[in-house]
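Chain identifiers are assigned alphabetically (A, B, ...) following the order of the sequence lines, protein sequences preceding nucleic acid strands; residue numbering begins at 1 within each chain. The structure displayed is predicted, hence computed values, not measured ones.
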Amino acid sequence: MPCPIHGERNIAEFFCKGPVLSMPNATRGTRQQWARYLFLAENKAGIVDEWWLHSPSSLWFVARRDTTSDEILQTWTIEAYRTQQQKKTTPKATPKATSKTTTR
Amino acid sequence: MPLALLTYALGLGERKRHFPAPQPLQKRYDVLIIGAGGHGLACAYHLAKDHGITKTIVIDKGYLGGGNTARNTTIVRANYLTEEGTAFYKESLALFENLSQELDLNTMYSKRGHLTLAHTDAALRTARWRAEVNKHLGVRSEVVGRHELRKICPQLNLSDEVRFPVLGALYHAPGAIARHDAVAWGYARAAYRRGVEILQNTEATGFQVERGRVVGVRTSRGTITAAKVVQAVAGHSSVLAHKLGIRLPIRTVPLQACVSQPYQPFLDPIVVSGSLHVYISQSARGEFVMGGATDPAELYDTRSTLEFKEQLMMHILELFPQLANANLLRQWAGLADMTPDFSPVMGKTPVKNYYIDAGWGTWGFKATPVCGKRMAECVATDKTPALLKPFALSRFDDFDLVGEKGAASVGH
């Protein structure tokens with residue numbers, strides 16, 4: 001795993017913490033939005049952005065991985081990932097989207 | 001003894017092909033089942049036997065029983081933790097016990113006794129809880145201490161000189177193993193004899209939907225029209241359901257397993273440790289069948305890893321140091337449908353005439369007969385049987401999860 005801070009480390013040092021999703025609004029989110037967010041995963045066979053944790057240093061970061069080949073394509077620190085997401089013309093699924101919910 | 005075995009042993013009667021070559025497709029089917037694994041075939045069989053629906057076709061993108069039916073570790077048990085789970089698996093166990101007779105094919109069902117080891121007080125508490133729930137529902141389970149454990153399984157290392165000493169266990173006497181291939185073939189043959197068609201190497205690529213109802217399935221051999229469609233595709237459930245716009249509460253995670261070369265009979269019971277993430281049994285052939293925890297991340301690939309074997313053997317050798325020189329013969333992986341509450345998803349879906357049988361994570365093989373029977377009932381009557389109600393897909397929208405912590409290969 002090419003960790004964005006520590007460089008290449010043994011995969012056993014890392015934990016996968018699931019896909020990057022935008023959380024429904026804490027007060028205005030509907031039951032259906034929360035059910036989707038919590039349980040109804042897209043479970044995509046293909047390229048996904050995921051939260052990963054480097055356990056020895058407690059570092060959370062984002063990795064882009066192909067779930068059909070287990071190949072890790074790219075990794076970002078949270079800051080770098082957010083910047084990259086904001087640069088896109090239609091921002092979606094940023095780690096801390098607070099305003100409108102964009103449950104996929 | 002099944003009649004087929006007896007006649008074969010005595011050299012009477014000729015051996016016939018189990019499954020004849022496929023016939024030309026009919027114009028329309030009453031039921032189309034996607035997935036020719038144990039579950040799909042059992043459903044087809046029970047549709048024909050219990051409900052007289054024989055105009056059924058079962059399609060599979062690979063070969064018959066070649067998916068998770070052939071990749072599980074063949075353990076059959078009913079000592080679950082929730083009432084819903086226990087009642088469901090109790091019926092499955094009862095059906096399994098008579099399956100060789102029912103299908104007229106030897107499933108090599110072998111009652112071994114099933115031990116779930118406890119290494120901590122917390123695990124022992126859970127064992128007690130499971131035992132009480134089981135007893136209440138008429139399933140034979142009891143908590144045993146080290147003294148009884150030594151009698152049930154003298155091969156087990158009960159020494160204190162290990163990282164995780166064994167304190168006791170949940171003993172489930174009806175726990176058994178069966179030959180998984182025979183279960184799939186038996187259902188396939190029995191279904192075929194009642195008029196069901198089975199089409200292998202035929203992948204479902206899409207659906208025909210009219211006004212919110214499924215009316216047909218597009219396949220690699222053309223479109224097949226059917227009044228009702230059942231999905232029973234194990235590891236690819238999400239991908240298939242997605243084609244109909246249905247989101248499932250499933251993460252696809254590989255579950256790896258392996259077998260040693262055959263040895264003389266040595267281990268009678270099935271030994272499982274939830275805390276150490278291992279399970280081991282000895283097959284009728286003498287191979288040690290071993291498995292561990294599911295892989296740490298979602299993946300649609302059945303590769304094997306060194307991490308899995310290192311983790312598994314580290315713990316197996318603590319429990320059975322005698323196996324230190326045993327050689328591994330084969331290893332493989334299956335794609336497990338992990339649900340948030342470790343319980344399956346069965347029954348109706350938001351799309352009319354489309355039924356789902358998914359979310360079988362690490363608990364699918366042992367449910368084959370009951371799932372086939374009850375799914376058939378659900379499809380034939382369009383009503384959800386009481387036994388399946390707790391496992392409806394809608395429970396996730398209603399925040400009414402089942403919370404089955406008696407499932408295998410999951411951390412508690």
Side-chain angles (χ1 to χ4, degrees), chain A residues 1-3 8-24 26 29-56 60-75 93 101-104, chain B residues 233-243 245-254 256 293-311 314 333 335-343 345 349-350 358-359 361 393-403 411:
Chain A
M1 165 67 82
C3 174
E8 296 220 338
R9 305 289 305 174
N10 193 325
I11 194 76
E13 293 179 12
F14 298 88
F15 290 98
C16 179
K17 296 290 184 178
V20 175
L21 300 172
S22 58
M23 195 192 284
T30 63
R31 281 171 67 93
Q32 202 193 7
Q33 283 173 333
W34 278 105
R36 273 207 151 202
Y37 173 74
L38 291 170
F39 309 127
L40 303 171
E42 187 182 0
N43 197 22
K44 190 171 155 191
I47 293 164
V48 288
D49 291 356
E50 294 170 318
W51 289 111
W52 281 75
L53 169 66
H54 181 242
S55 176
W60 286 75
F61 62 95
V62 177
R64 182 165 289 172
R65 190 171 66 97
D66 187 340
T67 59
T68 58
S69 63
D70 212 10
E71 193 185 349
I72 294 156
L73 304 166
Q74 203 174 347
T75 57
T101 53
T102 50
T103 41
R104 285 178 291 171
Chain B
V233 299
H236 293 87
S237 300
S238 296
V239 177
L240 188 62
H242 198 70
K243 294 184 203 287
I246 301 172
R247 288 263 284 238
L248 298 179
I250 287 173
R251 294 164 48 240
T252 299
V253 186
Q256 302 185 43
T294 52
D295 276 16
E298 293 164 30
L299 187 66
Y300 284 91
D301 189 13
T302 53
R303 83 301 176 239
S304 293
T305 64
L306 181 63
E307 285 90 1
F308 158 74
K309 285 182 283 292
E310 281 181 341
Q311 280 285 327
M314 182 169 80
L335 297 182
D337 272 9
M338 301 307 292
T339 50
D341 58 356
F342 307 107
S343 294
V345 176
T349 67
L393 175 59
S394 57
R395 73 178 184 271
F396 294 93
D397 282 326
D398 303 335
F399 294 83
D400 189 15
L401 277 57
V402 182

Taking side chain as everything from C-beta outward and backbone as N, CA, C, O, which of these in Glu298(B) sits under 4.5 Å from a heavy atom of chain A? Side chain, backbone, both or neither. both
Using only atom types and a distance under 3.5 Å, with no angle test, would you say the side chain of Asp66(A) pairs donor to acceptor with the backbone of Thr68(A)? yes
Please look at Pro340(B) and chain A and tell me whether the side chain, the backbone, both or neither of the residue comes under 4.5 angstrom of a heavy atom of that chain. side chain
Is the Trp60(A) ring parallel, tilted or perpendicular to the Trp51(A) ring (thresholds 30°, 60°)? perpendicular
Atom of Tyr300(B), atom of Ser238(B) and distance for their closest heavy-atom approach: OH-CB, 4.0 Å
Please identify, among Ser69(A), Ala12(A), Gly18(A), Ala45(A), the residue contributing the most non-hydrogen atom pairs under 4.5 Å to chain B. Ala45(A)
Under 3.5 Å: donor-acceptor pair, side chain of Thr67(A), backbone of Gly46(A): yes
Under 4.5 Å heavy-atom distance to chain B, tell me which part of Lys44(A) shows up: side chain, backbone, both or neither. backbone
If I measure from the heavy atoms of chain A, does Leu299(B) come under 4.5 Å with its side chain, its backbone, both, or neither? both
Have a look at Glu50(A) and tell me which of Arg65(A), Arg64(A), Lys17(A) forms a side-chain hydrogen bond (donor to acceptor under 3.5 Å, both in side chains) with it. Arg65(A)
